[in-house]
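A quick write-up on the structure given underneath.
What you see is a predicted model, and the numbers here were worked out from it, not measured in a lab. All values below come from the heavy atoms of this structure, side chains included, with hydrogens, waters and symmetry mates left out.
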Amino acid sequence: MIEQFLKEENIVLNFRETEHEKRHIVTGQYAHILKIDDKNLILYYQVQSTPESICCAVSEDGGLTFNKPKDNYILKNSLACHNFRAFIDNNPNNKTKFKAVGGNHVSNNFPSHKDCSCKGYSTKECFDPVWPNVKRTLFVDDINHSCQGNGYYIFESDDGLKWRVLSEKPILSSFTKMREFNTFGYISSDGGPSIFYDDNINEYVLYVRINVKLGVRHVLYTKSKDLLNWSEPELIKLNPEFNFDHDNLYYGGIYKYPGKKNKYIGFPSYFKNIIHDESGEHRSYFDECTLVMISNDGLNWEVKDRWFEGITTNPQWAGHMRAPHVLGFIESPNKEEFWLYIQKDFLTDHNKLYRYSISKEEFDKIFE
């Protein structure tokens with residue numbers, strides 16, 4: 001068990017601090033951190049008020065504390081605010097330092113889309129695995145949507161603060177077919193994606209969530225040489241095997257493992273879900289934790305540990321990231337320890353981000 005070696009250091013950010021952040025209970029969802037250099041880091045987080053926005057906080061002390069600039073909005077009027085995920089592009093052929101992925105697949109009647117300025121896009125019916133008897137109409141995905149409302153788009157930035165859309169059309173959508181089911185409708189715009197340039201294979205890799213059916217969520221893997229054309233998405237493989245009746249991986253939380261070639265680490269928020277009626281109104285959540293899983297290729301994974309078992313703010317909402325969960329995994333400048341940024345008390349008015357540390361020597365043993 002590696003969890004015993006985790007050391008809590010300090011609170012680095014209060015997600016429920018400004019008036020804007022207090023207006024809506026969903027603040028700080030899918031937060032993530034980029035390390036610019038040994039002293040400077042950027043933290044991105046969603047504020048799901050009306051309209052949704054992506055805000056930032058910056059650290060100039062190596063990630064011990066984060067401060068919010070006075071005007072800390074880095075993305076507005078985009079449905080990518082629902083799942084925005086930035087990364088530093090380490091591709092040696094890259095021309096811009098920062099990239100990101102984000103976008104939602106909706107129709108005109110989606111609440112957040114009503115706040116956008118764009119109107120009049122064509123729609124078509126799409127199969128819904130969660131509610132298969134309900135007709136779902138979504139924007140077509142073969143056009144550019146000015147608010148990124150028809151799938152996932154790629155963004156780029158020179159400084160990590162001012163962003164522009166890189167892809168003309170969505171790279172993935174609910175109309176994208178996946179390998180296992182050979183049909184569309186499964187790719188979800190919900191859940192925090194993971195994306196990075198993988199120099200082990202000299203390609204970009206992207207992990208997004210799918211909804212297998214009501215109460216079951218999984219993670220897809222796809223890769224690309226240019227960020228614009230992606231391979232056919234496929235499910236990651238788990239050992240122990242994924243239970244397609246009750247298991248949920250709420251998001252991937254996947255990173256390259258620093259200092260080891262062909263090694264990957266994941267911290268998905270996990271829970272089990274039992275649906276008791278067709279309406280889905282009566283269900284049971286249990287077995288919530290953070291899985292710690294490893295891989296040698298990024299596609300096949302072995303679960304090695306379970307963190308924060310039995311800890312949740314409100315059992316009624318267990319599974320929806322209510323237990324402590326990992327939102328950042330960074331190697332320290334001296335390469336002797338890892339820093340893990342862990343969110344606690346999500347969906348409460350005291351939602352905060354903590355920094356933990358663990359010695360690299362201890363963590364490396366997970367691959368033995």
Partner set under salt bridge (charged side-chain N to carboxylate O under 4.0 Å, His left out) for E17, not counting sequence neighbours
K68
Atom CD1 of I294 and atom CG of N300: how far apart are they, to the nearest 0.5 Å?
12.0 Å
D199: what forms a salt bridge (charged side-chain N to carboxylate O under 4.0 Å, His left out) with it, not counting sequence neighbours?
K256
Any sub-3.5 Å donor-acceptor pair from Q343's side-chain atoms to A31's backbone N or O?
no
Under the 3.5 angstrom rule, does the side chain of N72 hit a backbone N or O of A57 as a donor-acceptor pair?
no
Do L206 and S224 come within less than 4.5 Å of each other through their side chains, counting heavy atoms only?
no
Salt bridge check: are D287 and R306 linked by an N-O gap of less than 4.0 Å?
yes
side-chain hydrogen bond (donor to acceptor under 3.5 Å, both in side chains) partners of Y30, counting only residues at least two apart:
D190
Checking D198 against K223 for the side-chain contact (heavy atoms from CB on, under 4.5 Å) test, could you report, in this order, the C-alpha distance in whole Å, the side-chain angles of both residues, the deciding distance, and whether it holds?
CA-CA 9 Å; D198 186 356; K223 57 186 179 180; over 6 Å; no
Any side-chain heavy atom of E337 within less than 4.5 Å of one from K360?
no
Flag side-chain contact, heavy atom, 4.5 Å: T176 against P233:
yes
Does the side chain of R209 come within less than 4.5 Å of L249's, by heavy atoms?
no
Would you call the rings of F308 and Y356 parallel, tilted or perpendicular, where under 30° means parallel and over 60° means perpendicular?
perpendicular
Is there a ring pair (Phe, Tyr, Trp, His ring centres under 6.0 Å) between F196 and F87? Walk through the geometry before answering.
CA-CA 6 Å; F196 52 86; F87 69 102; 8.2 Å; no
Donor-acceptor contact present, side-chain T222 to main-chain S231, <3.5 Å:
yes
Determine, using the 4.5 Å side-chain heavy-atom cutoff (strictly less than), whether F66 and I74 are members of one ILVMFWY cluster.
no
Any F155 side-chain heavy atom under 4.5 Å of L166 side chain:
no
Using the ring of each side chain (for Trp, its six-membered ring), is F338 parallel, tilted or perpendicular to F363, with breaks at 30° and 60°?
perpendicular
Given side-chain contact (heavy atoms from CB on, under 4.5 Å), test I265 with F267 step by step and report yes or no.
CA-CA 7 Å; I265 188 85; F267 304 95; 3.6 Å; yes
Walk me through it: do K7 and E362 pass the test salt bridge (charged side-chain N to carboxylate O under 4.0 Å, His left out)?
CA-CA 12 Å; K7 298 177 183 177; E362 290 296 340; over 6 Å; no
Residue among Y264, Y207, Y204 satisfying ring-ring contact (aromatic ring centres under 6.0 Å, His included) with Y221
Y207
Would you find more than 12 non-hydrogen atoms of other residues, nucleotides or ligands less than 6.0 Å from E168 atom CD?
no
Rounded at 0.5 Å granularity, tell me how far CG in L327 sits from NE2 in H32.
10.0 Å
Can you tell me how far CE of M293 sits from NZ of K304, rounded to the nearest 0.5 angstrom?
13.5 Å
Taking only Lys NZ, Arg NE, NH1 and NH2, and the carboxylate oxygens of Asp or Glu, determine whether E203 and K225 approach each other closer than 4.0 Å.
yes
Side chain of N351, backbone of T27: donor and acceptor closer than 3.5 Å?
yes
Determine whether a donor-acceptor pair (N or O, by modelled atom type, separation under 3.5 Å) exists between the side chain of N94 and the backbone of D89.
yes
Across all chains, not counting sequence neighbours, the salt bridge (charged side-chain N to carboxylate O under 4.0 Å, His left out) partners of D141 are none
Interatomic spacing from CD1 in I236 to CG in L299 - rounded to 0.5 Å:
8.0 Å
Could you check whether any side-chain N or O of N104 sits under 3.5 Å from a backbone N or O of V106, counting only pairs where one atom can act as donor and the other as acceptor?
no
If you define the side chain from C-beta out and look only at heavy atoms, does anything of I88 sit under 4.5 Å from I36?
yes
Of all residues at least two apart in sequence or in a different chain, which pass the ring pair (Phe, Tyr, Trp, His ring centres under 6.0 Å) check with Y251?
none
Does any N or O in the side chain of R16 come within less than 3.5 Å of the main-chain N or O of E21, such that one atom is a donor and the other an acceptor?
yes
K237 bridged to E180 by N-O distance under 4.0 Å
yes
Applying a strict under-4.5 Å side-chain criterion to I, L, V, M, F, W and Y, I'd like to know whether I42 and V326 cluster together.
no
Spacing of CD1 belonging to I195 relative to CD1 belonging to I254, to within rounding of 0.5 Å
12.5 Å
Evaluate the side-chain contact (heavy atoms from CB on, under 4.5 Å) criterion for residues C126 and F184: first the C-alpha distance (whole Å), next the side-chain angles of each, then the deciding distance (0.1 Å), finally the verdict.
CA-CA 7 Å; C126 181; F184 53 78; 3.8 Å; yes
D159 and S157 side chains, donor-acceptor separation under 3.5 Å
yes
So, does Y121 use its side chain to make a donor-acceptor pair with the main chain of S146 at under 3.5 Å?
yes
Plane angle bin for Y186 and F127 - parallel if under 30°, tilted between 30 and 60°, otherwise perpendicular
tilted
Side-chain donor or acceptor of K169 paired with backbone N/O of D142 under 3.5 Å:
yes
Single-linkage hydrophobic cluster, 4.5 Å side-chain cutoff, F271 and V26 together
yes
Please say yes or no: joined through hydrophobic side-chain contacts below 4.5 Å, possibly via intermediate residues, are I33 and I54 part of one cluster?
no
Y270: which of D247, N248, T290 passes side chain to side chain donor-acceptor pair (under 3.5 Å):
D247
Roughly how far apart are L34 CG and S59 OG, rounded to 0.5 Å?
12.5 Å
F139 vs H145 aromatic rings, parallel, tilted or perpendicular, using cut-offs 30° and 60°?
tilted
Looking at S189 and H105, would you say the former's side chain and the latter's main chain have a donor-acceptor pair under 3.5 Å?
yes
Please determine whether side-chain contact (heavy atoms from CB on, under 4.5 Å) holds for the pair L353 and I342, giving the CA-CA distance in whole Å, both sets of side-chain angles, and the decisive distance to 0.1 Å.
CA-CA 6 Å; L353 188 67; I342 294 172; 5.7 Å; no
If we only count heavy atoms from C-beta on, is the H276 to I274 side-chain gap below 4.5 Å?
yes
Answer yes if I275 and V212 sit in the same cluster of Ile, Leu, Val, Met, Phe, Trp and Tyr residues linked by side chain heavy atoms under 4.5 Å apart, and no otherwise.
no
ring-ring contact (aromatic ring centres under 6.0 Å, His included) test vs F84 passes for just one of F98, W163, Y152, namely W163
Six-ring centre of F175, K124 cation under 6.0 angstrom, axis tolerance 45°:
yes
Determine all donor-acceptor pairs shorter than 3.5 Å in which one atom belongs to a side chain in residues 238-245; sequence neighbours excluded.
from : atom 1 : to   : atom 2 : distance (Å)
N243 : OD1    : D245 : N      : 2.8
N243 : OD1    : H246 : N      : 3.2
D245 : OD1    : K213 : NZ     : 3.2

Can you confirm whether C289 sits close enough to L291 that some side-chain heavy atom of one is under 4.5 Å from a side-chain heavy atom of the other?
yes
